[in-house]
Every structure is written in structure tokens, then in C-alpha cells.
Amino acid sequence: MPEGPSIVIMQEEMQAFSGKKILEASGTANIDMNKLLNRKVVAIKTWGKHFLICLPHLTLRIHLLLFGKYSIDEPRKGKPKLQLRFTNGTLYFYACSVTEIEEDLDDVYDWTTDLMNKQWDPAAARKRLRSHPDMLLCDALLNQDIFAGAGNIFKNEILFRTRLHPLNTVGAIPTSKQAAIVREMHTYAFEFLRWKKAGVLKKHWEAHTKKICPRCGIPFHKEYLGKTKRRTFFCESCQIRYA
DNA sequence: CCGGTTGTTCAGCG
DNA sequence: GCGCTGAACAACCG
């Protein structure tokens, strides 16, 4: 579930609870459930992979990590980390991280970094990318300070679309390629959203989990690369290595 | 049925 | 203090 577009879908599914009062709060998360009682959800927001339930002067930050799941009205097996009952239904969150944010969200989050946000700023993203010349592309494309909401699927698909080898450093590639990464990231984010909603996301993968390059037909490499050591699928022939 | 993973944080170590 | 490694979390798919 966890990449940015999936969190936007979750937000849409839970939007009916915005404006509602918490009648019951429980779960294994290490927060004080009592203080949530009778408080009104003033907004539900997202930033990258962060799902934000805003109460007056307090925000619950839910991160699904790798395995997290949620449901509405239908409890799953296992103990929820957080369960919130409202007049119009109950929200369940499993295997996730739940933390509290006391500060003003605008002081915590740079909304221009979030691929899914209206305030997404490609020029600012190019600048942030450029500021890490020694970072490998396979790490940069997962960096939430540069591309909030991007995940491993994004990384593999964008590197393939831009014909860039994952082991290039940011500084080694042309400025035009840096711009192409930023552009494709944003384009793919909304394709991901559309395809995920339609249940056809996997069908559109060109690189992620693939064994053969769809462009030239030779076998993909599958390696765990970079500081992030995440699965990377790439074509040694089609994806250019500058340095 | 087991192995692997759309992710992040933190403890422990050198 | 730094960077690196591994653990922890714990659900589902193939």
C-alpha cells in the first residue's frame, strides 16, 4: 500500500470522517488514547507517505511502512495499532507507525516537496536534487526530502523511463536528465494513482520486477544498490551510465 | 509453507 | 560524532 499515490487513495476513502468527532479510540500504538476522545477531526491530509489526521492543536501521523494496512468498518485479523470510532463508522490501522505532531504542520512539512500536493514545485525539486551531486540516482529517487511520496516502484520505473543507470551520481548526469527525472516523477505519480485505482498498476510496470527489458529484449539486472540497498531492476544496455 | 518485500527508525558497533 | 549494519515492525503474495 505504501507509496504516495496509495496514501492519497486512503485519504479519499477516509474523507467522510473529516469534521467528525472521535467517540472511541484504542489500539496498541504508544500514544495516550484518552486524549483523543471527543476531539474533532478538523482535516485529513497527506505528505508523501505520511497520513495525517488533524485534530485541534494535535496531528496523528500514520505511516504504513512496508506492511501497513487499513480498513473502514471491517476489522481485519490481528490487533490494530489504532482504531477510531465515529458516528458514521470506524477506522482501523494495522502494522503502522503512529506518532503525534504537536507543532503547526506548516512548520513541519514542506508541501512543495510532496509529489501529490498542489504545491509541488518542480523547480524546487531540481534545486534539491542538484544539491546532492555525489548521491547515487538509486538513492536520490528514494529520498523523501527530494521526492516525498516516491518509493521503490517509482525509482525503478523512472530510471527506466529516463534511460538512466541507477549507479550514476546526480552530478554526473546532464541537467536535462535531472529535469527529466523531476518531470517523470510527477507524471508517474498521477499515472500510478490512476492505475492503482483501476487495479491495473502492475500491468503497467516496465522495469519493476521485470526479467526482460521491454525496449531491447536483453535480461534486466536485479541488484540491491546504493545506501538504501533496495531492489533495483535495470537494463545495462538501455540505461546510460555517464560516470 | 517459506521467502521476499511498495519503508523507516533506532540500537549497537568500530 | 560518524557511518554502517542489522533488527524490529508483522501482512500478504506467489
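So that the names make sense, note that chain A is the first sequence line, chain B the second, and so on, each numbered from 1. Predicted, not measured: the structure shown is a model, and the values here were computed from it.
Ring-base stacking between A:Phe67 and C:dA11 is not satisfied when judged by a centre separation under 5.5 Å and a plane angle under 30°.
Distance CG/A:Leu60 to CZ/A:Phe51: 10.0 Å, rounded to 0.5 Å.
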Per-nucleotide pairing state of DNA chain C [Watson-Crick or G-U, under 3.5 Å; [ ] pseudoknot-crossing; | other strand]: .||||||||.||||

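Separation of the P atoms belonging to B:dG4 and C:dG6 is 15 Å when rounded to the nearest angstrom. B:dG3 and C:dA7 have their P atoms separated by 15 Å, with the value rounded to a whole Å. Comparing C:dT5 with B:dT6, their C1' atoms sit 23 Å apart, to the nearest whole Å.
Salt bridge present: A:Glu191 and A:Arg161 bring a charged side-chain N and a carboxylate O closer than 4.0 Å. In summary, A:Lys35 and A:Glu100 engage in a salt bridge, as defined by a charged side-chain N under 4.0 Å from a carboxylate O.
Mapping A:Lys79 and A:Lys202 onto DNA chain C by nearest heavy atom places A:Lys79 at the nucleotide closer to the 5' end.
Taking atom NE2 on A:His50 and atom P on B:dT6, their separation rounds to 18 Å, with Å as the unit.
The salt bridge (charged side-chain N to carboxylate O under 4.0 Å, His left out) test applied to A:Glu13 returns no partner, not counting sequence neighbours. Looking at residues two or more places apart in sequence or on another chain, you find no salt bridge (charged side-chain N to carboxylate O under 4.0 Å, His left out) involving A:Glu236. When the side-chain hydrogen bond (donor to acceptor under 3.5 Å, both in side chains) test is applied to A:Arg126, no partner is found at least two apart in sequence or on another chain.
In plain terms, the two heavy atoms of A:Thr162 and A:Lys177 that are nearest each other are O-NZ, 2.7 Å.
Listed nucleotides B:dT6, C:dA10, B:dT5 differ in distance to A:Tyr224; the shortest reach to its side chain belongs to B:dT5. Considering only side-chain atoms of A:Leu66, the nucleotide from C:dA11, B:dG7, C:dC9 that sits closest is B:dG7.
Of the side-chain N and O atoms in A:Arg231, one or more sit less than 4.0 angstrom from OP1 or OP2 of B:dT5. Regarding contacts with the backbone of B:dT6, a side-chain N or O of A:His208 is found under 4.0 angstrom from either OP1 or OP2. Between A:Lys69 and C:dA11, a side-chain N or O to OP1/OP2 separation shorter than 4.0 Å is absent.
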Enumerate all atom pairs, one protein N or O and one N or O from nucleotides 2-6 of chain C, separated by less than 3.5 Å.
from  : atom 1 : to       : atom 2 : distance (Å)
C:dT5 : OP2    : A:Lys229 : NZ     : 2.7

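Aromatic rings from A:Phe160 and A:Phe234 are positioned such that their centres are separated by 6.0 Å or more.
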Distance-only criterion, 3.5 Å: show the donor-acceptor pairs between side-chain atoms of residues 90-98 of chain A and protein atoms not counting sequence neighbours.
from    : atom 1 : to      : atom 2 : distance (Å)
A:Tyr94 : OH     : A:Arg76 : N      : 2.8
A:Ser97 : OG     : A:Arg61 : NH2    : 3.4

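In this structure, A:Lys155 reaches neither bases nor backbone, as no heavy-atom distance under 4.0 Å exists between it and the strands shown.
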